[in-house]
Amino acid sequence: MKNIQLLNKIAKVGTDNLDPAVYNIGEDVAAPEGIMVRSANMLEMDFNPELLAIARAGAGVNNIPLDKCTDEGIVVFNTPGANANGVKELAVCALLLASRDIVEGIDWVKTLKDDENAAKTVEKGKSKFAGCEIKGKTLGVIGLGAIGGLVANIAVRLGMKVVGCDPYLSVDAAWNLNHNITHAATYEDVYKAADYITIHVPATADTKGMINKDTLALMKDGVKIINLSRDSLVKSADMIEALASGKVSRYVTDFATTELIGVKGAILIPHLGASTEESEDNCAVMAAQQLDDYLANGNIKNSVNFPAVSMPRSGDVRVCVLHKNVPGILTQLTGAMADEGLNIENMTNKSRGNAAYTIFDVTGSVSAAAVEKIAALEDTIRVRTI
């Protein structure tokens, strides 16, 4: 039995993908080979030597120590796109909240509970909460991946002009974009053109604080900004100053940070982007399936620290080697296998940055001595047989 530890509540529709005859699943299992997690903080965790993979039921992995996992040969998966529709729908809501004083209006109506003429009072006072329509306005989309692409497409259907930028746009993602979307060469071009800006990029060293006083200065006066991605993408102090000056008329975010609570013009949503039954189910299913395929077959899909590598099973035994991406490593690996008399029937190899992964399907058995010889190579991180 393979032990799978759950660090958060994972939707049963997801864990049902893990055969109970093969996997022992629970919160308190010891020495897990796999971990399924949502938001639990793993940054200070010590990992048992049996741990092979962590499956994050969601897209963000800032709660997982990626460098440590890579060094220890632990593959980290996420589930890009599984919650995309839920976030897209919240983005549409955010566009409307940014455009019209809906939140303030609702709060005002609550104060009229004891007003016997509430209906008349509402008719007299509703003009205080008038806003604008999104039709005909220009939406700038930063990041056109799984979520940003959906937001851009639906904005076109809602009658908006859409300009987007994504330096890492894949061919598949590009094919799914509405032909009416204008692709800008730089983020700066988007900032200058847009009445609304929505951000859909991961939090990285390059994107941290990308919305700051300098980039805000490029934008139109009264711009409306939506951030459903990560709080660290926006410098809060600069945003607060921009809201106070009117440079930004509305800031709608899914991250209720202390400094933004109560700031006029800031609408703070309690991190609801992926909090739908459908999103949680989709993430759990994808995470479980990816974890199962890796533990059972050695295939990697949607890892954030190792390359995507998969191959149909052939031969008698599969040898899976996580290793450093250095010159001559394949020669060392195949040489070690030849020295042990292993016949390679099929193989595949890919790299990602400094990490790489090679799968060998071999005929015959693989001895413990052969595994030890491969593991002893200087640049081998981890080796296992299936």
Side-chain angles (χ1 to χ4, degrees), residues 1-66 68-86 271 273-306 308-313 317-320 322 357 359 371 381-386:
M1 295 284 285
K2 295 180 172 67
N3 289 337
I4 305 296
Q5 185 179 22
L6 308 181
L7 295 189
N8 296 103
K9 182 180 179 181
I10 304 295
K12 186 176 181 297
V13 69
T15 55
D16 282 349
N17 285 265
L18 301 173
D19 187 346
V22 177
Y23 296 104
N24 174 35
I25 306 167
E27 296 179 1
D28 301 319
V29 297
E33 291 184 49
I35 288 176
M36 296 186 71
V37 63
R38 291 175 59 199
S39 58
N41 188 344
M42 303 181 67
L43 297 178
E44 304 301 325
M45 282 184 65
D46 291 324
F47 298 128
N48 56 286
E50 297 87 354
L51 184 62
L52 298 174
I54 298 169
R56 160 76 165 100
V61 290
N62 55 329
N63 58 323
I64 302 171
L66 296 184
K68 178 180 178 181
C69 289
T70 302
D71 291 341
E72 296 185 19
I74 300 167
V75 178
V76 179
F77 298 94
N78 69 346
T79 58
N83 60 9
N85 189 71
H271 205 186
S275 295
T276 67
E277 294 178 5
E278 295 86 352
S279 287
E280 291 180 6
D281 286 354
N282 291 341
C283 287
V285 169
M286 185 182 291
Q289 290 175 343
Q290 291 171 171
L291 182 61
D292 176 55
D293 198 19
Y294 179 64
L295 296 180
N297 300 304
N299 294 325
I300 294 179
K301 181 180 180 181
N302 293 328
S303 170
V304 296
N305 63 334
F306 282 98
V309 180
S310 62
M311 184 172 70
R313 294 292 293 268
V317 179
R318 173 159 286 190
V319 181
C320 305
L322 297 168
Y357 184 44
I359 298 175
V371 172
I381 299 173
R382 188 170 210 151
V383 58
R384 68 186 179 110
T385 59
I386 303 173

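It should be emphasised that the depicted structure is a prediction, and the values quoted were computed from it without experimental measurement.
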> Distance from L291 atom CG to M286 atom CE, nearest 0.5 Å?
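So the gap between those two atoms works out to 14.0 Å.
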> Give the minimum heavy-atom separation between A288 and G14, together with the two atoms involved.
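Scanning both residues, the minimum pair turns out to be CB-O, 3.1 Å.
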> Do Q5 and N3 come within less than 4.5 Å of each other through their side chains, counting heavy atoms only?
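Result no, sub-4.5 Å side-chain heavy-atom pair not found.
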> Let's go through I64 and R56 carefully: what are the C-alpha distance in whole Å and the side-chain angles of both, what is the deciding distance for side-chain contact (heavy atoms from CB on, under 4.5 Å) to 0.1 Å, and is it a yes or a no?
CA-CA 9 Å; I64 302 171; R56 160 76 165 100; 4.0 Å; yes
> So, do T15 and Y23 sit near enough that their side-chain heavy atoms are less than 4.5 Å apart?
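No, side chains not in contact.
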> Take N63 and N41 through the side-chain hydrogen bond (donor to acceptor under 3.5 Å, both in side chains) test and state the conclusion after the steps.
CA-CA 5 Å; N63 58 323; N41 188 344; over 6 Å; no
> Donor-acceptor pair, N83 side chain versus G58 backbone, under 3.5 Å?
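Flag not set: sc N83 to bb G58 has no pair under 3.5 Å.
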> Taking atom types as modelled and ignoring hydrogens, do the side chains of N78 and N302 form a donor-acceptor contact shorter than 3.5 angstrom?
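N302 and N78 do not have a side-chain donor-acceptor pair below 3.5 Å.
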> Looking at N305, V37, I35, which one forms a side chain to side chain contact (heavy atoms under 4.5 Å, CB included) with V76?
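Filter result, single survivor: N305.
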> Would a 4.5 Å heavy-atom cut-off, applied to side chains only, mark M45 and L7 as touching?
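The answer is yes, as the side chains (C-beta and beyond) meet within the 4.5 Å cut-off.
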> Can you confirm whether T79 sits close enough to N282 that some side-chain heavy atom of one is under 4.5 Å from a side-chain heavy atom of the other?
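The answer is no; the side chains never approach within 4.5 Å.
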> Do V75 and Y357 make a side-chain contact, defined as non-hydrogen atoms from C-beta onward lying under 4.5 Å apart?
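A side-chain contact under 4.5 Å is absent here.
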> Do you know which two heavy atoms are closest between V29 and N24, and how far apart they sit?
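The pair with the smallest heavy-atom distance is CG1-ND2, 3.6 Å.
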> Any side-chain heavy atom of I359 sitting closer than 4.5 Å to one from N299?
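I359 vs N299: side chains touch.
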> Any side-chain to backbone donor/acceptor pair from R384 onto L295? Under 3.5 Å, distance only.
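Indeed, once roles are kept as given, a pair shorter than 3.5 Å links the two residues.
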> Taking all heavy atoms of A11 and all of D281, pick out the closest pair and write down the distance.
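Distance-wise, the nearest heavy atoms are CB-OD1, 3.4 Å.
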> A side-chain contact here means heavy atoms from C-beta on lying under 4.5 Å apart; do R382 and L52 qualify?
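Touching, per the 4.5 Å side-chain cut-off.
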> With rounding to the nearest 0.5 Å, note down the distance linking NZ in K301 to CD in Q289.
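Atom-to-atom, K301:NZ and Q289:CD are 9.0 Å apart.
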> Quick check: do N17 and D292 have side-chain heavy atoms less than 4.5 Å from each other?
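A side-chain contact is absent here, since even the closest heavy-atom pair is not under 4.5 Å.
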> Rounded to the nearest 0.5 Å, what separation is found between the OH atom of Y294 and the CD atom of E33?
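Rounded to the nearest 0.5 Å, the OH-CD separation comes to 10.5 Å.
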> Distance from D19 atom CG to I25 atom CD1, nearest 0.5 Å?
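The CD1 atom of I25 is 9.0 Å from CG of D19, to the nearest 0.5 Å.
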> Can you name the nearest heavy-atom pair linking L322 to G73, along with the distance?
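It is CD1-O, 3.4 Å.
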> Side chains of R318 and N297: donor-acceptor distance under 3.5 Å anywhere?
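Not at all, the side chains of R318 and N297 share no donor-acceptor pair under 3.5 Å.
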> Closest approach of P20 and M1, non-hydrogen atoms and distance?
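It is O-CE, 3.4 Å.
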> Of the options T70, I54, V61, which is the one that meets V304 in a side chain to side chain contact (heavy atoms under 4.5 Å, CB included)?
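Single side chain to side chain contact (heavy atoms under 4.5 Å, CB included) partner of V304 among T70, I54, V61: V61.
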> Testing the basics here: between M42 and P65, what is the closest heavy-atom pair and its distance to 0.1 Å?
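In terms of heavy atoms, the two residues are closest at O-CD, 3.5 Å.
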